There are 2 protein chains.
Amino acid sequence: MVNEAILAVSSIMAAMSTVQEKRLAREQRVFDTAARLFATRGYHATRMQDIADELAMQKGSLYYYFDSKESLLLEIVERRVGVALAAMQAIMETDALPTAKLKEAVAAHLNVFQEHADLYTIFNFERLNLIHPQAAETVDELAHAYEMLWRRLLQEGIAAGEFRADLDAPVLVKAIVGMFNSTLLWFDPAGRLTVGETAVIFAQFILQGLVQNPV
Amino acid sequence: MVNEAILAVSSIMAAMSTVQEKRLAREQRVFDTAARLFATRGYHATRMQDIADELAMQKGSLYYYFDSKESLLLEIVERRVGVALAAMQAIMETDALPTAKLKEAVAAHLNVFQEHADLYTIFNFERLNLIHPQAAETVDELAHAYEMLWRRLLQEGIAAGEFRADLDAPVLVKAIVGMFNSTLLWFDPAGRLTVGETAVIFAQFILQGLVQNPV
DNA sequence: ATTAAAATTTAACCAGGGTTCAGTTTCGGG
DNA sequence: CCCGAAACTGAACCCTGGTTAAATTTTAAT
């Protein structure tokens with residue numbers, strides 16, 4: 001009797017979670033498709049009809065999942081843009097030396113960028129298309145939080161005596177992040193270099209620069 | 001073609017007497033206004049009406065100067081985007097040492113970017129909006145030519161023994177140019193640093209990296 | 001099986017904004 | 001002063017493409 005009740009409850013739970021999961025999966029498929037199209041064709045060049053076509057549904061049906069095209073864009077950005085932030089946060093919480101942390105961070109950044117290239121392309125290159133100030137604000141906050149972590153990394157390096165004392169952290173963080181962002185436009189996963197190899201080159205460059213130093 | 005445009009502009013500066021020059025001056029004013037608006041609000045967010053308003057004319061009148069909004073964008077890009085290329089070429093033709101050349105090049109790049117920030121913002125961030133393949137091709141050619149000059153600079157530095165022998169020039173050029181491009185989004189001429197100061201920081205970073213080296 | 005909620009279709013709506021064009025004004029040369 | 005070309009106006013056009021809502025189908029729970 002008790003067992004039956006438990007079974008009933010758990011089966012309900014199971015069933016409900018299945019329903020919710022299906023719902024989420026469908027929803028995710030919509031967002032993924034939209035993200036891919038936005039990233040490849042650009043936000044404005046992508047029609048609601050295009051997204052609907054890929055999903056084999058009617059464009060009107062899409063509005064079951066979001067309120068407007070712009071809110072769709074914002075949702076896509078918000079959904080996963082925290083991944084890079086989380087990765088960076090995790091790295092900063094370790095007690096590795098700044099130089100080691102930096103190498104880790106470069107690799108992590110490039111990896112997550114390549115993994116979700118579509119998402120981050122939108123994040124970086126479709127900002128101007130976010131009309132509503134609230135949306136732009138959300139995006140800016142995420143970007144700023146990420147930059148602050150990098151700034152802290154540089155400051156730790158300076159404090160530890162590993163990095164030059166006279167570094168202008170705010171400017172250099174902008175430069176470094178700008179470098180990373182550019183990979184979205186030119187890096188080819190099927191090209192000469194893997195993501196890992198590129199990350200090593202980047203880290204070496206960021207740490208040592210171009211000049212041949214006496215060892 | 002680009003050079004002609006530049007010549008035309010400077011000759012207008014000199015003397016604005018003949019009818020042709022007046023025509024060009026008016027035309028230039030139209031393009032300058034459009035460029036500024038495209039750069040600040042984005043291409044799509046800028047309405048023909050906005051451009052007309054700033055010029056105190058009717059939006060229909062604009063079509064006297066170009067055929068379509070997209071051809072206007074392309075024209076803007078073609079008109080002056082050769083400036084950075086020309087500056088870089090001039091630097092490469094001197095016989096300064098690679099390290100000195102690089103410092104020059106960084107300064108030149110940031111200067112011309114700030115001077116024509118509107119133009120280069122469009123060039124870099126509105127590429128996806130160039131629908132016609134011919135337009136995209138023109139833009140790509142200019143960008144590629146510029147990158148090749150930087151690649152040569154790195155190779156000269158390696159050959160001269162000033163830069164590390166194991167540098168991956170193609171990747172690092174992308175990284176460096178990506179760094180420069182990012183300035184279009186964050187550099188504030190009225191901010192803490194001048195363009196010149198920023199250029200020095202960049203050059204120092206590119207040459208020496210972050211790490212404190214033994215002297 | 002029933003029924004309510006979820007999911008999707010269908011078809012129309014509608015506004016924004018790029019484009020056109022015939023007509024009007026401005027301007028410079030003869 | 002006159003005329004033709006250049007420059008611009010004004011208003012309409014039109015069509016793309018996002019949005020809506022009522023109707024219909026599918027799904028899950030009892």
Side-chain angles (χ1 to χ4, degrees), chain A residues 4-5 7-31 33-34 37-38 41-76 126 128-132 135, chain B residues 12 15-34 37-38 41-76 126 128-132 135:
Chain A
E4 281 169 28
L7 274 176
V9 169
S10 57
S11 68
I12 286 169
M13 301 278 276
M16 281 196 50
S17 74
T18 302
V19 170
Q20 284 185 342
E21 279 165 6
K22 275 189 181 174
R23 157 67 194 252
L24 280 177
R26 257 194 315 269
E27 203 173 279
Q28 193 63 45
R29 199 164 144 260
V30 172
F31 286 119
T33 304
L37 293 182
F38 284 167
R41 309 184 188 180
Y43 174 71
H44 280 106
T46 303
R47 315 292 164 209
M48 299 306 282
Q49 189 62 58
D50 298 334
I51 302 170
D53 285 349
E54 292 247 342
L55 292 161
M57 48 184 354
Q58 302 304 329
K59 62 175 177 174
S61 312
L62 296 172
Y63 285 79
Y64 181 72
Y65 294 100
F66 46 80
D67 293 335
S68 69
K69 191 184 180 186
E70 186 180 358
S71 77
L72 168 62
L73 177 58
L74 180 59
E75 181 104 6
I76 288 171
E126 299 287 357
L128 294 176
N129 295 319
L130 291 172
I131 298 166
H132 294 300
Chain B
I12 285 166
M16 206 183 304
S17 55
T18 78
V19 61
Q20 279 191 342
E21 281 167 355
K22 277 189 179 176
R23 156 67 193 253
L24 279 176
R26 258 194 315 269
E27 203 173 279
Q28 193 64 43
R29 198 165 145 260
V30 172
F31 287 119
D32 287 345
T33 305
L37 294 182
F38 284 168
R41 309 183 188 182
Y43 174 71
H44 279 106
T46 304
R47 316 290 164 212
M48 299 305 283
Q49 188 61 57
D50 298 334
I51 301 171
D53 285 349
E54 292 247 343
L55 291 162
M57 47 182 1
Q58 301 302 110
K59 61 176 177 174
S61 312
L62 296 172
Y63 286 79
Y64 181 73
Y65 294 100
F66 47 81
D67 293 335
S68 69
K69 193 184 180 186
E70 186 180 357
S71 77
L72 168 62
L73 176 57
L74 179 59
E75 182 103 6
I76 288 171
E126 300 286 357
L128 294 177
N129 295 319
L130 291 172
I131 298 166
H132 295 299

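In what follows, chains carry the letters A, B, and so on, assigned in the order in which the sequence lines appear, proteins first and then strands, with residues in each chain numbered from 1. As the structure is a prediction and not an experimental result, all values here were calculated from the model.
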Under 3.5 Å, sequence neighbours excluded: what are the donor-acceptor pairs made by side chains of residues 54-61 of chain A?
unit_1 : atom_1 : unit_2 : atom_2 : d
A:E54  : OE1    : A:R36  : NH2    : 2.4
A:S61  : OG     : A:Q58  : O      : 3.3

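- Closest approach of A:D67 to A:S71, counting heavy atoms only: N-OG, 3.5 Å.
- Across the protein-nucleic acid pair, B:L55 atom CG and D:dT9 atom C1' stand 15 Å apart, rounded to whole Å.
- When all heavy atoms of B:A34 and B:I76 are compared, the pair lying nearest together is CB-CD1, 3.9 Å.
- With rounding to whole Å, B:Q20 atom CD is found 14 Å from C:dG28 atom P.
- Contact annotation: A:Q58 side-chain N/O to C:dT8 OP1/OP2 distance is not under 4.0 Å.
- Nearest approach of A:F31 to A:F66, heavy atoms of both residues: CE2-CD2, 4.3 Å.
- Taking atom CD on A:E21 and atom C1' on D:dA28, their separation rounds to 15 Å, with Å as the unit.
- Distance, A:R41 CZ to D:dG17 C1': 15 Å, rounded to whole Å.
- Between A:F38 and A:Y43, the ring planes are perpendicular. Angles over 60° get that label, and only those under 30° would be called parallel.
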What are the atom names and distances for every N/O pair under 3.5 Å that joins the protein to nucleotides 15-24 of chain C?
unit_1 : atom_1 : unit_2 : atom_2 : d
C:dG17 : OP1    : B:R47  : NE     : 2.4
C:dG17 : OP1    : B:R47  : NH1    : 3.3
C:dG17 : OP1    : B:R47  : NH2    : 2.7
C:dG17 : O5'    : B:R47  : NE     : 3.4
C:dG18 : OP1    : B:K69  : NZ     : 3.2
C:dG18 : OP2    : B:M48  : N      : 2.7
C:dG18 : N7     : B:K59  : NZ     : 3.1
C:dT19 : OP2    : B:Y63  : OH     : 2.5
C:dT19 : OP2    : B:K69  : N      : 2.9
C:dT19 : O5'    : B:Y63  : OH     : 3.4

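- Put simply, A:R23 has a side-chain N or O that comes within less than 4.0 Å of OP1 or OP2 on C:dA7.
- Whole-Å rounding puts the A:L73 CG to D:dT19 P distance at 12 Å.
- Residues passing the ring-ring contact (aromatic ring centres under 6.0 Å, His included) test with A:Y64, sequence neighbours excluded: none.
- If you measure from atom CZ of B:R26 to atom P of C:dT26, you get 14 Å, rounded to the nearest angstrom.
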